[in-house]
**Q** 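First the structure, which I've put down as structure tokens, then a few questions once you've had a look.
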Amino acid sequence: MSRFFDLVSKPARDMGTTNVPGATPAALERRSQLIKLDSNENPFGPSPRAIDAMRSALAAAGSYPDDDCSSLRLKLATHHGLPPEQVLVTAGSTALLSLLCQTLLAPGLNAVTSERSFIVYSMAAQAAGAHLIEAPMRDDSFDLEAILAAIDSNTRIIFLANPNNPTGTVLEAAVVERFVAQVPGHVVVVLDEAYYEFAQHFATLRAVSYSKSLDYVRQGASVVVLRTFSKAHGLAGLRVGYGLGPAELLGYCARMRNTFSVSSVAQAAALAALDDRNHIQRVVENNTIQSRDLSQGLSALGYRVVPTSANFLFCDLGEEATAVADRLQDEGVAVRPLGPWGAPHCIRVTIGTPEQNQTFLSAMRRLGSPVERVRSRA
Ligand SMILES: Cc1ncc(COP(=O)(O)O)c(C=O)c1O
């Protein structure tokens with residue numbers, strides 16, 4: 001066995017490896033030229049106001065950032081109508097997922113979620129030495145009864161991604177409310193609303209009620225709502241997100257956090273991004289219109305597309321998706337094949353600009369339908 005195997009902690013030993021060999025400069029160059037529809041990033045990038053704020057913040061980059069993110073925390077508290085103690089800013093919402101797991105989980109304890117959900121839940125639970133239970137799905141959406149049935153006396157967290165990544169499906173407010181009311185007192189519900197702005201826009205157009213998650217926080221429920229600046233605000237590369245929840249629990253999480261983990265440039269960008277409603281509006285409107293065009297384009301090619309409430313589509317290709325993703329990459333477009341999510345015939349494709357989506361659809365057309373591909377191989 002290797003030199004450090006016996007020295008490292010059990011969680012470090014037990015976790016599946018995420019180390020991928022460093023890409024060659026040529027591979028990095030090729031990748032930088034791809035149309036990236038594989039990571040649910042914002043095709044318009046940051047708001048111009050956020051870019052200006054980042055430029056201004058650069059001159060002070062010689063100093064450590066405000067560890068408490070005080071200005072941003074206050075602004076978020078006002079924005080959401082909550083006291084600042086109920087807001088915790090972290091280096092992306094994934095950092096808060098890890099903090100919640102470090103704070104609430106330990107060997108012998110578990111978290112519960114659905115199968116085919118955000119991959120970081122299992123990484124964060126395992127890194128805390130705990131176990132993630134994945135309840136089965138029903139159709140392409142969560143089976144909340146199965147999730148409730150999976151809870152035991154050792155459960156401390158339920159993760160609900162709403163909308164879910166990678167299926168893009170959403171749970172409406174009334175459904176979540178009934179669910180939260182049934183969760184036993186020893187379990188914290190983490191409502192991961194990374195795609196909140198997109199889902200809210202879809203819900204308004206569909207005249208349905210998407211989320212009342214902050215009401216549960218205000219009522220003092222054991223609920224932590226996660227939001228991020230990585231998606232609708234276009235700041236994925238800066239790493240800034242936050243949680244809204246019980247002050248005492250967030251206080252424990254804050255103790256576990258790395259010092260100075262949210263950079264001053266990220267804090268400045270997030271403060272400015274919050275003010276740019278026009279940018280968010282442009283982003284969500286493009287997303288809604290383009291989701292329709294992209295879905296129709298894929299359906300016309302014979303693929304099954306799950307209706308989305310996020311900034312990506314879950315699409316069943318009816319054949320091995322990794323090979324298709326590789327061929328799309330040769331055509332200059334990156335999408336996510338979903339084998340690791342137990343859906344080897346499916347891809348997740350981010351909804352891009354009209355031009356990016358047309359490039360993707362043209363590449364799909366050039367690859368031909370599954371039937372044509374099987375024929376051409378015969
Ligand atoms: C469900 C879900 N939660 C959280 C995140 C990560 O957000 P952040 O960039 O804030 O860490 C993602 C990103 O893909 C996501 O899909």
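Position 1 is the first residue of the sequence, and the numbers go up from there. Both ligands and their constituent atoms are indexed starting at 1 by order of listing.
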**Q** Pairs under 3.5 angstrom only: tabulate donor-acceptor contacts from the side chains of residues 121-128 to other protein residues two or more places apart or in another chain.
**A**
unit_1: Tyr121; atom_1: OH; unit_2: Asp192; atom_2: OD2; d: 2.7

**Q** Is Arg73 close enough and on-axis enough to Tyr242, meaning under 6.0 Å and within 45°, for cation-pi?
**A**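 No, Arg73 does not lie over the aromatic ring of Tyr242.
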
**Q** I'd like to check the ring-ring contact (aromatic ring centres under 6.0 Å, His included) partners of Phe260; sequence neighbours left out, ordered by chain and number.
**A**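 Only Tyr64 meet the ring-ring contact (aromatic ring centres under 6.0 Å, His included) criterion with Phe260.
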
**Q** Taking the hydrophobic residues Ile, Leu, Val, Met, Phe, Trp and Tyr, and joining any pair whose side-chain heavy atoms are under 4.5 Å apart, which ones share a cluster with Tyr210?
**A**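 Reading the cluster by chain and number, Tyr210 sits alongside Val170, Tyr196.
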
**Q** Working to the nearest 0.5 Å, report the span between OG of Ser114 and CG of Leu160.
**A**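 Taking OG in Ser114 and CG in Leu160, the distance rounds to 8.5 Å.
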
**Q** Verify whether one side chain among Glu193 and Ser211 offers a donor that lies under 3.5 Å from an acceptor in the other.
**A**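 Side-chain D/A pair, Glu193 to Ser211: present.
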
**Q** Contacts table for ligand 1: protein N or O within a distance under 3.5 Å of ligand N or O, distances only.
**A**
unit_1: ligand 1; atom_1: 3 (N); unit_2: Asp192; atom_2: OD1; d: 3.1
unit_1: ligand 1; atom_1: 3 (N); unit_2: Asp192; atom_2: OD2; d: 2.7
unit_1: ligand 1; atom_1: 7 (O); unit_2: Ser93; atom_2: OG; d: 3.1
unit_1: ligand 1; atom_1: 9 (O); unit_2: Ser230; atom_2: OG; d: 2.6
unit_1: ligand 1; atom_1: 9 (O); unit_2: Arg239; atom_2: NH1; d: 2.9
unit_1: ligand 1; atom_1: 9 (O); unit_2: Arg239; atom_2: NH2; d: 3.4
unit_1: ligand 1; atom_1: 10 (O); unit_2: Ser93; atom_2: N; d: 2.7
unit_1: ligand 1; atom_1: 10 (O); unit_2: Ser93; atom_2: OG; d: 2.9
unit_1: ligand 1; atom_1: 10 (O); unit_2: Thr228; atom_2: OG1; d: 2.5
unit_1: ligand 1; atom_1: 10 (O); unit_2: Ser230; atom_2: OG; d: 3.4
unit_1: ligand 1; atom_1: 11 (O); unit_2: Ser93; atom_2: N; d: 3.2
unit_1: ligand 1; atom_1: 11 (O); unit_2: Thr94; atom_2: N; d: 3.0
unit_1: ligand 1; atom_1: 11 (O); unit_2: Thr94; atom_2: OG1; d: 2.7
unit_1: ligand 1; atom_1: 11 (O); unit_2: Arg239; atom_2: NH2; d: 2.7
unit_1: ligand 1; atom_1: 14 (O); unit_2: Tyr195; atom_2: OH; d: 3.2
unit_1: ligand 1; atom_1: 14 (O); unit_2: Lys231; atom_2: NZ; d: 2.9
unit_1: ligand 1; atom_1: 16 (O); unit_2: Asn165; atom_2: ND2; d: 2.7
unit_1: ligand 1; atom_1: 16 (O); unit_2: Tyr195; atom_2: OH; d: 2.6

